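Presented below is the structure to which this report refers.
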Amino acid sequence: MIETGVSFNEIHSYRDLNLILSRVEVAPAAPKTNYVDIPGADGSLDLSEALGEVKFSDRTIKLTFTMNPGGDLSEAAWEAKKTQVSNRLNGLSCKITLDKDPGYYWQGRATVDEYQSTKRLRQFVVSAVVRPYKLKQKVTVVSTAISSDGTTVTLKNSRRPVCPTVSCTNDNTKVVFDGATYVFSQGEHKNLGVRLVEGDNKATVSGVGTITFTYQEADL
């Protein structure tokens, strides 16, 4: 038996519920587009990025599970399993992690959609509305010692733009990012001007002590 499946927070579909994952359907991320028709002109005006990068709508995940065919498939067992699955998963706000993609998770709310039953097959369909980006399980942490002459830091980011938390061990820590200079005191800070886009983002830091950038990467 292949013990692969899906985790809903700490609840694993196979190890905890003894369900076989039969099918996974993850809808693509739909861009939020904004087209304005221009009278008297060909085509339309695309304003999808008028306020910055294009945004995306929530996505849906549909998961089909089958009761372990090697177990008890009686009507009483089926009713007990429906109760167990509904109690554990229906309406649960959770991190959804596919075993086949363990480095990421989806954030959303699970719903038990369907019960499907024949004499030989007992199935559940669990769906979830999730945020458009899948999040990396491990938070990215980039820490470096600061020199008075300036130190260049490369902050590599995935698809979703993000503002990192900036932690400084000393006052008067200067960060030059995207042509602007920011001065941070000791402690943790968020500054909307330090906004990482996809790819390598360069920052020059100067002062004394150590600076740490912490952020969560996400992909479509």
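Fair warning: this is a prediction, and the values are worked out from it, not measured in the lab.
Between Ser44 atom OG and Asn34 atom CG the span is 9.5 Å, to the nearest 0.5 Å. Atoms OG and CG, on Ser13 and Leu19 in that order, are 6.5 Å from each other to the nearest 0.5 Å.
Judged by distance alone, the side chain of Arg109 and the main-chain N or O of Gly91 form a donor-acceptor pair under 3.5 Å. Arg59 contributes a side-chain N or O that, together with a main-chain N or O of Pro132, makes up a donor-acceptor pair within less than 3.5 Å. In terms of modelled atom types and a separation under 3.5 Å, the side chain of Lys138 and the main chain of Gly103 share no donor-acceptor contact. Ser7 places no side-chain N or O within 3.5 Å of a backbone atom of Glu10 that could act as its donor or acceptor partner. Remark: the backbone N or O of Gln186 is paired with a side-chain donor or acceptor of Asp171 at under 3.5 angstrom. For Glu217 (side chain) and Ser158 (main-chain N/O), a donor-acceptor pair under 3.5 Å exists by modelled atom type. Without hydrogens or angle criteria, Gln216 side chain to Lys136 main chain gives a donor-acceptor distance under 3.5 Å. In terms of modelled atom types and a separation under 3.5 Å, the side chain of Thr169 and the main chain of Thr210 share a donor-acceptor contact. Checking side-chain atoms of Gln107 against main-chain N and O of Cys94 turns up a donor-acceptor pair under 3.5 Å.
The minimum heavy-atom distance linking Ser185 with Cys168 is given by the pair O-CB, 3.6 Å. Nearest heavy-atom pair, Gly193 versus Phe177, reported as atom, atom and distance to 0.1 Å: O-CD2, 3.6 Å. Nearest heavy-atom pair across Ala128 and Ala110 is CB-CA, 4.1 Å. Between Gly5 and Asp99 the shortest heavy-atom distance is N-OD2, 2.7 Å. Of all heavy-atom pairs between Gly187 and His189, the closest is O-CD2, 3.4 Å. Annotation for Ile20 and Asn68: closest pair CG1-CA, 4.2 Å, computed over non-hydrogen atoms.
Applying the ring pair (Phe, Tyr, Trp, His ring centres under 6.0 Å) rule to pairs touching residues 88-123 yields Tyr115-Phe124, sequence neighbours excluded.
By the criterion of side-chain heavy atoms lying less than 4.5 angstrom apart, applied directly or through intervening Ile, Leu, Val, Met, Phe, Trp or Tyr residues, Leu220 is not grouped with Val129; the two fall into different hydrophobic clusters. Note on Val26 and Val125: separate hydrophobic clusters, where clusters join Ile, Leu, Val, Met, Phe, Trp and Tyr whose side-chain heavy atoms are under 4.5 Å apart, directly or indirectly. No single ILVMFWY cluster, assembled from side-chain heavy atoms under 4.5 Å apart, contains both Leu135 and Leu155. Criterion: ILVMFWY side-chain heavy atoms under 4.5 Å apart, direct or through other members. Under it, Val142 and Val176 are not part of a common hydrophobic cluster.
Remark: Asp101 engages Lys134 in a salt bridge, criterion side-chain N to carboxylate O under 4.0 Å. Residues Arg160 and Asp219 are not paired through a salt bridge, judged by the lack of any N-O separation under 4.0 Å between the basic side chain and the carboxylate. By the 4.0 Å N-to-carboxylate-O rule, Glu53 lies close enough to Lys55 to be salt-bridged with it. With salt bridges taken as basic N to acidic carboxylate O contacts below 4.0 Å, one links Glu75 and Arg122.
Considering only heavy atoms from C-beta on, Val126 stays 4.5 Å or farther from Val6 through its side chain. Between Leu196 and Phe213 there is no side-chain heavy-atom pair separated by less than 4.5 Å. By the 4.5 Å heavy-atom criterion applied to side chains, Asn157 and Glu198 are not counted as neighbours. Using a 4.5 Å heavy-atom threshold, the side chains of Lys82 and Val112 count as separate.
The number of heavy-atom neighbours closer than 6.0 Å to NZ of Lys174, taken from other residues, nucleotides and ligands shown, is 12 or below.
For the 3.5 Å distance criterion, the side chains of Glu188 and Thr165 fail to qualify, holding no donor opposite an acceptor. Side-chain contact of Ser22 with Thr66: a donor-acceptor pair under 3.5 Å is present, judged by distance alone.
In this structure, Phe56 and Tyr133 have perpendicular ring planes: the angle between them is above 60°, well past the 30° mark.
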